[in-house]
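Atoms within each ligand, like the ligands themselves, are counted from 1 in listed order. For this chain, numbers begin at 1 and follow the sequence in order.
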Amino acid sequence: MSEHELRVSKIRNGTVIDHVNGGQALNVLAILGIDGSEGFGVSIGMNVPSDRLGRKDIVKVEDRELSQSEVDVLSLIAPEATINIVREFEVVEKNRVERPEEVSGVLSCPNRNCITNADEPVESRFAVVPDGVRCGYCDEILREDLADYIDV
Ligand code: CTP
Ligand code: ZN
């Protein structure tokens with residue numbers, strides 16, 4: 001790292017989501033349901049130069065690990081992401097995300113008539129298809145800006 005580079009500090013415990021496509025960091029936080037009011041330490045780097053991606057975002061969340069359904073949705077907006085688990089300043093686990101066959105729970109279906117939007121709560125489920133995700137209940141296809149459909 002050159003003396004002119006500025007990086008967000010290392011964290012003691014938590015999760016570093018690295019190699020996020022440039023510009024997607026805030027969507028990553030949305031997927032994790034983090035808006036800052038939870039009290040976790042959160043640092044983000046946006047449009048940091050990267051050999052592999054040209055520019056990348058980094059999201060560091062202290063004292064928090066990610067659930068599999070969060071990682072599944074994350075993989076759709078940040079297919080090159082690496083999830084690093086940090087304990088006592090050391091990276092103890094590093095995983096690449098994989099495109100899942102389906103995602104459940106994190107996204108919500110925009111079709112008002114979909115059963116997932118009825119009064120009885122039904123957990124959303126979407127099949128991952130080549131051009132987006134398809135609702136498992138009403139077949140509505142969400143093509144782009146999946147972050148707009150995050151269930152908050
Ligand atoms: N990191 C951190 N706090 C720590 C340890 C690591 O914030 N206590 C961050 C690093 O800044 C880096 C990411 O976690 O963004 C992964 O760390 P590391 O595996 O040490 O870096 P690289 O080897 O460069 O990772 P990769 O090979 O995945 O690019
Ligand atoms: Zn639906």
Side-chain angles (χ1 to χ4, degrees), residues 1-26 28-29 32 34 36 40-66 69-98 100-129 131-152:
M1 196 182 336
S2 86
E3 58 181 306
H4 299 299
E5 258 176 296
L6 180 69
R7 294 260 175 116
V8 278
S9 1
K10 302 232 165 207
I11 61 171
R12 180 176 199 135
N13 288 299
T15 306
V16 176
I17 306 152
D18 197 1
H19 307 290
V20 171
N21 296 33
Q24 293 294 330
L26 297 179
V28 168
L29 289 180
L32 302 183
I34 293 174
F40 302 114
V42 176
S43 332
I44 60 177
M46 293 181 88
N47 299 318
V48 176
S50 154
D51 291 342
R52 212 159 81 206
L53 299 176
R55 60 192 183 98
K56 68 172 182 181
D57 286 2
I58 306 179
V59 177
K60 303 186 181 190
V61 186
E62 291 174 64
D63 304 316
R64 163 87 144 77
E65 297 198 0
L66 312 190
S69 30
E70 288 169 335
V71 173
D72 285 347
V73 177
L74 220 150
S75 74
L76 301 175
I77 64 154
E80 305 295 325
T82 333
I83 313 284
N84 300 275
I85 311 287
V86 176
R87 295 212 178 101
E88 288 303 321
F89 294 106
E90 298 294 325
V91 174
V92 295
E93 203 181 312
K94 182 187 290 283
N95 293 302
R96 289 287 294 270
V97 299
E98 279 175 61
E101 283 175 16
E102 65 166 48
V103 293
S104 52
V106 180
L107 298 173
S108 66
C109 183
N111 174 3
R112 288 162 156 271
N113 299 319
C114 181
I115 188 169
T116 57
N117 293 319
D119 290 340
E120 284 291 307
V122 183
E123 191 180 55
S124 73
R125 209 173 60 225
F126 291 86
V128 177
V129 292
D131 55 346
V133 300
R134 188 181 63 230
C135 179
Y137 294 94
C138 73
D139 286 343
E140 176 105 356
I141 294 187
L142 319 186
R143 286 198 170 75
E144 46 207 51
D145 295 328
L146 290 181
D148 292 348
Y149 303 104
I150 292 159
D151 197 2
V152 279

### Task
Indicate yes or no for a side-chain donor-acceptor contact from T15 to the backbone of R64 under 3.5 Å, with no hydrogens or angles considered.
yes
### Heavy atoms of other groups near E88 CD, more than 12 under 6.0 Å
yes
### Task
Can you tell me, to 10 degrees, how wide the angle at the Zn ion (ligand 2) is between SG on C109 and SG on C138?
100°
#### Entry: Enumerated ligand 1 atoms positioned under 4.0 Å from heavy atoms of D18
12 (C), 13 (C), 15 (O)
### Message
Under a 3.5 Å distance rule, please check whether D145 uses its side chain to pair with a backbone N or O of A147 as donor and acceptor.
### Response
no
### Query
Which atoms from ligand 1 have a heavy atom of V91 less than 4.0 Å away?
5 (C), 6 (C), 17 (O), 19 (O)
### Query
Would you say ligand 1 has an N or O under 3.5 Å from any N or O of I11?
yes
### Query
Considering only heavy atoms of N84, which atoms of ligand 1 have at least one such atom less than 4.0 Å away?
13 (C), 16 (C)
### Query
Are any of the heavy atoms in H19 under 4.0 Å away from ligand 1?
yes
### Query
To which of K60, K94, E62 does the heavy atom nearest atom 28 (O) of ligand 1 belong?
K94
### Query
Around R52, counting heavy atoms of other residues, nucleotides and ligands shown, do more than 12 lie under 6.0 Å from its CZ?
yes
### Message
Using only atom types and a distance under 3.5 Å, with no angle test, would you say the side chain of K60 pairs donor to acceptor with the backbone of S9?
### Response
yes
### Query
Would the number of heavy atoms belonging to other residues, nucleotides or ligands and lying under 6.0 Å from CZ of R87 be above 12?
no
### Task
Please identify which atoms of ligand 1 are closer than 4.0 Å to at least one heavy atom of V86.
4 (C), 8 (N)
